[in-house]
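Below you'll find the structure, written out as structure tokens, and then a few comments.
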Amino acid sequence: MTIAYLPGPPDDMPLYEPWAGEPEVLAEAAEAGRRAAAWIRSLPAPPAPSSVGTWLAVTLPGVVEAATASLDPAQCDRMGPDGRLIEGTAGVDAGTTSALAIVPCVLSDADWLTPDQHLRLLAVASVITGIARLLADDPGTAILHGQVTRMCATLDHATRPDTPGLAPEFEQVL
């Protein structure tokens with residue numbers, strides 16, 4: 001029996017070079033994630049202990065912090081040695097991405113939270129997922145053109161304690 005090994009990456013493959021301003025942008029994202037996690041922890045607890053309440057108070061803030069702290073533009077979409085596309089993760093692992101994806105489902109059981117708080121939690125999950133996707137798809141554009149910075153500003157706005165609530169006509173709909 002003959003064993004044929006697939007060729008590895010070429011030795012002349014260029015190493016990842018950070019983009020101008022990358023450390024500052026990643027530090028800004030990590031700090032925005034810490035602020036968002038602190039806001040999530042400050043949300044009211046359910047009237048009776050529940051698994052959803054624990055998930056929202058403990059697990060989700062940890063996921064938010066982990067996602068924003070682990071962002072890595074070097075883990076972007078690229079071509080593998082065999083010519084196939086390797087989809088990047090921007091440093092956010094599959095478990096973290098999955099936890100952010102279930103936020104809408106969990107909120108249906110968080111009836112003690114206001115519609116405004118539901119929307120803000122959805123915004124947090126969406127923005128963090130969006131930042132990771134931007135960095136995975138095109139890190140240069142996301143960093144150099146301020147897309148990550150704008151997404152962090154959106155995250156800060158969604159979790160700011162003094163942000164006014166929904167207009168009354170929208171609260172009636174929800």
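Heavy-atom basis, side chains included; hydrogens, waters and symmetry copies ignored.
By the side chain to side chain contact (heavy atoms under 4.5 Å, CB included) test, E22 pairs with Y16, P18, W19, L26, P73, I143, sequence neighbours left out.
The closest donor-acceptor contact from the side chain of S108 to the backbone of P104 lies at 3.5 Å or more, if one exists at all. Side-chain atoms of R34 do not come within 3.5 Å of backbone N or O of A69 as any donor-acceptor pair. The backbone N or O of V64 sits less than 3.5 Å from a side-chain atom of T68, completing a donor-acceptor pair.
Atoms CD1 and OG1, from I102 and T97 in turn, are 12.0 Å apart once rounded to the nearest 0.5 Å. For the atom pair I40 CD1 and L60 CG, the distance stands at 4.0 Å (nearest 0.5 Å). Atom CE of M79 sits about 9.0 Å away from atom CD1 of I86, to the nearest 0.5 Å. With rounding to the nearest 0.5 Å, the separation of SG in C152 from NE2 in H157 is 15.0 Å. A distance of 4.0 Å separates CG of D156 from CZ of R35, quoted to the nearest 0.5 Å. In this structure, CD in Q117 is found 7.5 Å from CG in L121, a value given to the nearest 0.5 Å.
Cluster membership check: L122 shares its hydrophobic cluster with V127, using side-chain heavy-atom separations under 4.5 Å among Ile, Leu, Val, Met, Phe, Trp and Tyr.
Between D116 and R120 there is a salt bridge, since a side-chain N of the basic residue sits under 4.0 Å from a carboxylate O of the acidic one.
When every heavy atom of E65 is checked against every heavy atom of A37, the shortest pair comes out as CG-CB, 3.4 Å. Contact detail for A20 and L144: the closest heavy-atom pair is O-CD2, 3.6 Å. Scanning both residues, G88 and D77, for their nearest heavy atoms gives N-OD1, 2.6 Å. The heavy-atom pair separating S70 from G91 by the smallest distance is OG-O, 3.1 Å. For L56 against P61, the heavy-atom pair with the smallest separation is O-CD, 3.1 Å. When all heavy atoms of A123 and A158 are compared, the closest pair comes out as CB-CB, 3.9 Å.
Contact check for L155 versus W39: no side-chain heavy atoms found under the 4.5 Å cut-off. Residues L113 and P44 form a side-chain contact, since some pair of their non-hydrogen atoms from C-beta on lies under 4.5 Å apart.
Pairs passing the side chain to side chain donor-acceptor pair (under 3.5 Å) check and including a residue from residues 42-62, sequence neighbours excluded, do not occur.
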